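Only one structure is covered here, and it is reproduced in the block below.
Keep in mind it's a predicted model, so treat the numbers as computed, not measured. Throughout, residue positions are numbered sequentially from 1 according to the sequence presented.
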Amino acid sequence: MQQIDVAERRRRLAVRHGLVRPGSRSGGLGSSGGLGSSGGLGPGDLAGIVSQMVALHGTDPGTVFLSLRARAGEQVTVSAIEDLLYERRDAVRMLAMRRTMFVVPAESVPVVQAAAADRIARDQRGKLIKLLGDAGVVADPEPWLADLERSVLKVLSEGGKPMSAAELGAAEPRLRTTVELAAGKPYAATQNITSRVLRVIAAHGEIVRGRPIGTWLSAQYRWSLAKEWLPEAALTGPVGESQARAELARQWLLAYGPAPLADLKWWTGWTMAQVRQAVGDLRVIEVSLGTDAGTGYVLADDLDPTADPGSWVALLPALDCSVMGWSERSWFLGSHGKALFDTNGNAGPTVWLDGRVIGGWAQRTSGEIVIRLMEVVGSEAQARIETEAARLSAWLGAVRIIPRFRTPTERELSA
């Protein structure tokens, strides 16, 4: 069995994830690396970065901006990223794999919709119907919800502009229908169904989240009809579910392979049977991942070794796609998981050196980026890490970043 060891996996991660840019390397080592050398993309090609990563983790709005900055460099601006998302619309927010928010390339929307979002839509709609029935707020929840969904789409169509959840609720009062959650429990609460209904309609691919209300760190969005918001590349018609799964698996293996099928199962949220079917529709090879690391799969035409990119450093944000791309992370995370992840498996900000996580970072209220190294590194590497921290602090300026999910190291450093 052919072997692709940990050293090669780390080189692939560095180059294919665009983390080896000129400013991140030690002087004179390796090529310029990053997306520019491996995929023919310039460092400012933000749409290309999203495509090469398959999708950016988007649960925390700030992650999208910091993930792109980590790969494109400090020359990229917030306004350029906003232009990508809200003007050119080359990348779109979707509730997709694992019922998690991602930013996906516009041309990948039909694939992600069929491979992941359609199932989420069915599940979430079924749960909402049950919630309405259990609460007894309507006599026959299914047709009532279907009529409400049609009404929301009509409001958006006739409104002729993106609308917030509050504006939609004012135009369609049924969105403000309330239900009691955890009735009879000490933590019982009353909640309107607005966000649940909009989530279901969006998961069906009929509406999309557009520009946020407030700053680029806001998680409250204006809603638009998908057919009016999405560019032509995203409106190519439906894709068969099996075909879509195979294509999404191919993209993931190209960016994150070789890897065990368990990693692909976790990342997609599919069953193992669905993973095996998707991979079975591709030309793949099983390879050894090195001593005691088991085996993984890689595309059959993707066996060439990666040229040494040289020594590099990176400061990645909480929930970055390079940290959250696998479920088995020991080959790059080592023993630092408890310090750098919360108890639900959400990654905090991480410091990288040559394909390994060696520490964490946080931003203080003063704006200073502070780091904590959990491994001993040379003075030259530490100096480059400190330089990168200063660059990130300058890029953020007056903006203060508080990750949505706090981790032990991030909390301690930001205090």
Side-chain angles (χ1 to χ4, degrees), residues 9 12-13 16-18 35 38-39 47-59 63-64 67 90-124 202-205 208-209 226 230-231 233-286 296-302 319-328:
R9 294 183 80 185
R12 287 183 175 220
L13 184 153
R16 298 187 185 199
H17 291 202
L35 291 167
S38 64
I49 293 174
V50 180
S51 294
Q52 191 142 339
M53 297 307 305
V54 185
L56 301 181
H57 208 295
T59 302
T63 296
V64 177
S67 290
D90 291 333
V92 182
R93 282 187 172 85
M94 293 182 67
L95 194 66
M97 291 71 71
R98 305 190 312 280
R99 198 163 59 84
T100 296
M101 187 71 69
F102 284 91
V103 169
V104 305
E107 65 270 16
S108 295
V109 168
V111 168
V112 175
Q113 183 67 43
D118 283 342
R119 179 182 60 80
I120 293 169
R122 292 192 297 269
D123 291 346
Q124 292 298 300
H204 276 294
V208 295
R209 298 162 181 83
L230 296 176
L235 299 172
T236 58
V239 178
E241 186 173 359
S242 295
Q243 176 188 354
R245 285 195 185 123
E247 173 57 20
L248 189 60
R250 185 195 67 80
Q251 293 180 16
W252 185 86
L253 284 171
L254 188 61
Y256 299 90
L261 295 186
D263 286 348
L264 179 56
K265 176 182 181 295
W266 175 83
W267 188 84
T268 57
W270 299 338
T271 67
M272 184 55 78
Q274 291 167 337
V275 168
R276 293 189 184 281
Q277 181 181 11
V279 172
D281 290 337
L282 303 171
R283 292 184 61 247
V284 298
I285 291 177
E286 188 175 13
Y297 287 82
V298 65
L299 297 173
D301 58 355
D302 189 30
L319 297 174
D320 185 84
C321 44
S322 289
V323 188
M324 301 295 292
W326 300 266
S327 58
E328 208 303 298

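- In this structure, P260 and W252 approach most closely via the heavy-atom pair O-CH2, 4.5 Å.
- The CG atom of L56 lies 12.0 Å from the CG atom of L319; values are rounded to the nearest 0.5 Å.
- Between A55 and V104, the closest heavy-atom pair is CB-CG1, 3.8 Å.
- A distance-only check finds no donor-acceptor pair linking the side chain of R283 to the backbone of L299 [under 3.5 Å].
- Closest approach of V298 and D302 over heavy atoms only: CG2-O, 3.5 Å.
- Here the closest heavy-atom approach between residue S327 and residue D263 is recorded as OG-OD1, 2.7 Å.
- Side-chain atoms of T271 come within 3.5 Å of backbone atoms of Q274 as a donor-acceptor pair (strictly under, hydrogens ignored).
- Ring orientation note: the planes of Y256 and W326 are nearly perpendicular, at an angle over 60° on the 30°/60° scale.
- Nearest heavy atoms, A114 versus G240: CB-O, 4.3 Å.
- The backbone N or O of P258 lies less than 3.5 Å from a partner atom in the side chain of R9, making a donor-acceptor pair.
- A heavy-atom distance below 4.5 Å is not found between the side chains of D90 and V50.
- Atom CZ of R250 sits about 8.0 Å away from atom CG of L282, to the nearest 0.5 Å.
- Checked by atom type and distance alone, the side chain of H17 never pairs as donor or acceptor with a backbone atom of R12 at under 3.5 Å.
- For the atom pair M324 CE and T63 OG1, the distance stands at 10.0 Å (nearest 0.5 Å).
- Other residues, nucleotides and ligands contribute at most 12 non-hydrogen atoms within 6.0 Å of the CZ atom of R99.
- Residues F102 and V112 are not in side-chain contact: their nearest non-hydrogen atoms beyond the backbone lie 4.5 Å or more apart.
- Under a 3.5 Å cut-off, the side chain of Q113 and the backbone N or O of A203 do form a donor-acceptor pair.
- Panel note: side chain W266, backbone E328; no donor-acceptor pair is recorded below 3.5 Å.
- Distance check, rounded to the nearest 0.5 Å: CG of L248 to CG of L264 gives 7.5 Å.
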From CA spacing to verdict: side chain to side chain contact (heavy atoms under 4.5 Å, CB included), T236, V109: CA-CA 9 Å; T236 58; V109 168; over 6 Å; no
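- Interatomic distance, R93 CZ to M101 CE, rounded to the nearest 0.5 Å: 7.5 Å.
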Derivation of the side chain to side chain contact (heavy atoms under 4.5 Å, CB included) call for Y297 and V275: CA-CA 12 Å; Y297 287 82; V275 168; over 6 Å; no
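- Residues E247 and Q251 bring a donor and an acceptor atom of their side chains to less than 3.5 Å of each other.
- Minimum interatomic distance between C321 and M53 (heavy atoms only, all atoms of both residues): SG-CE, 3.5 Å.
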Derivation and outcome, side chain to side chain contact (heavy atoms under 4.5 Å, CB included), residues S242 and Q277: CA-CA 8 Å; S242 295; Q277 181 181 11; 3.6 Å; yes
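- Residues L254 and R16 are in side-chain contact: their nearest non-hydrogen atoms beyond the backbone lie under 4.5 Å apart.
- Atom CD1 of I120 and atom OG1 of T100 lie 7.5 Å apart (nearest 0.5 Å).
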